[in-house]
Amino acid sequence: SNSVVVLDSNHPSVPLANYSVNDPGNTDEANPHDMAFVSNSKAYITRYGLSTLLILNPQTGTHLGTIDLSAFADSDGIPEMDKMVLIGDLLYVSLQRLHNGREANNQSYIVVINTKTDQVVETSPGNDKIVLESRNPFGGMVFLASTHRIYLSSTGTFFHSFSTADDFGGIEVVNPDTGLSEGI
């Protein structure tokens, strides 16, 4: 899909609005995977099929801009951005970095966006990304305030080998204070 559908929770069978998440004139599959709300008038949408993170007004559907994440892609030019977690003013975005959109043979990352400036920020001195031990973060990423850690599930090389018997899958723990993975 290339859109966000707005529903009334009291009447979910009647859509209130339908907003495109593609760039104007772009017919590529944006394939939105997650939406993080900063306020009533600003949200971020990961676009799995594109190299830019969309900034959108969720009330009007107005595109407020994009953040180019192509520098974090593998050789196919698409970073395969998936899930997001908002911690204060910082947005953590998981990047699967699948080769040709299917093979998990590259390191996966988390990039951090400052939601005040809409810029990628350093995760630790000299680093603009968190390098994950796991590959293909897929399906879940949460921040647990009681431990002050991000937890994300990764399937490993599942799509490539059709087996989960590798060392790259599991639940990975990330410390947002140090900008480092604490391992699977």
* Asked: Any side-chain donor paired with an acceptor under 3.5 Å for S154 and S134?
  -> yes

* Just by distance, do the side chain of Q96 and the backbone of P137 share a donor-acceptor pair under 3.5 Å? -> yes

* Give me the ring orientation class for F143 and H148: parallel if the planes are under 30° apart, tilted from 30 to 60°, perpendicular past 60°. => perpendicular

* Give a yes or no on whether the backbone of T115 and the side-chain of K42 come within a donor-acceptor separation of less than 3.5 Å. => yes

* To do: Ignoring hydrogens and angles, tell me if any N or O in the side chain of T123 forms a donor-acceptor pair with the backbone of K129 under 3.5 Å.
  => yes

* Between Y92 and V174, does a side chain to side chain contact (heavy atoms under 4.5 Å, CB included) hold up when you go through it step by step? -> CA-CA 11 Å; Y92 293 75; V174 173; 5.7 Å; no

* To do: Spell out, yes or no, whether V93 and V121 are grouped together once hydrophobic residues are joined by side-chain heavy atoms under 4.5 Å, including indirect joins.
  => no

* Can you check whether A30's main-chain N or O pairs, donor with acceptor, with N2's side chain at less than 3.5 Å? -> yes

* Donor-acceptor under 3.5 Å (N106 side chain, R97 main chain) -> yes

* Where the side chain of S108 meets the backbone of R135, is there a donor-acceptor pair that is under 3.5 Å apart? -> no

* Asked: Going by atom types alone, do D34 and T46 pair a side-chain donor with an acceptor below 3.5 Å?
  -> no

* To do: Using atom types as modelled and distance alone, determine if a side-chain donor or acceptor of E172 lies under 3.5 Å from a backbone N or O of E133.
  => yes

* Asked: Will you find, in the side chains of S70 and D68, an N or O donor that is under 3.5 Å from an N or O acceptor?
  -> yes

* Derivation of the side chain to side chain contact (heavy atoms under 4.5 Å, CB included) call for M81 and L53 -> CA-CA 8 Å; M81 60 190 91; L53 182 70; 3.9 Å; yes

Run the side-chain donor-acceptor check on residues 7-16: report pairs under 3.5 Å with partners two or more places apart or on a different chain.
| unit_1 | atom_1 | unit_2 | atom_2 | d |
| --- | --- | --- | --- | --- |
| D8 | OD1 | N10 | N | 2.8 |

* R47 pairs by side chain to side chain contact (heavy atoms under 4.5 Å, CB included) with which of D23, I78, L69? -> D23

* Using atom types as modelled and distance alone, determine if a side-chain donor or acceptor of S153 lies under 3.5 Å from a backbone N or O of F138. => yes

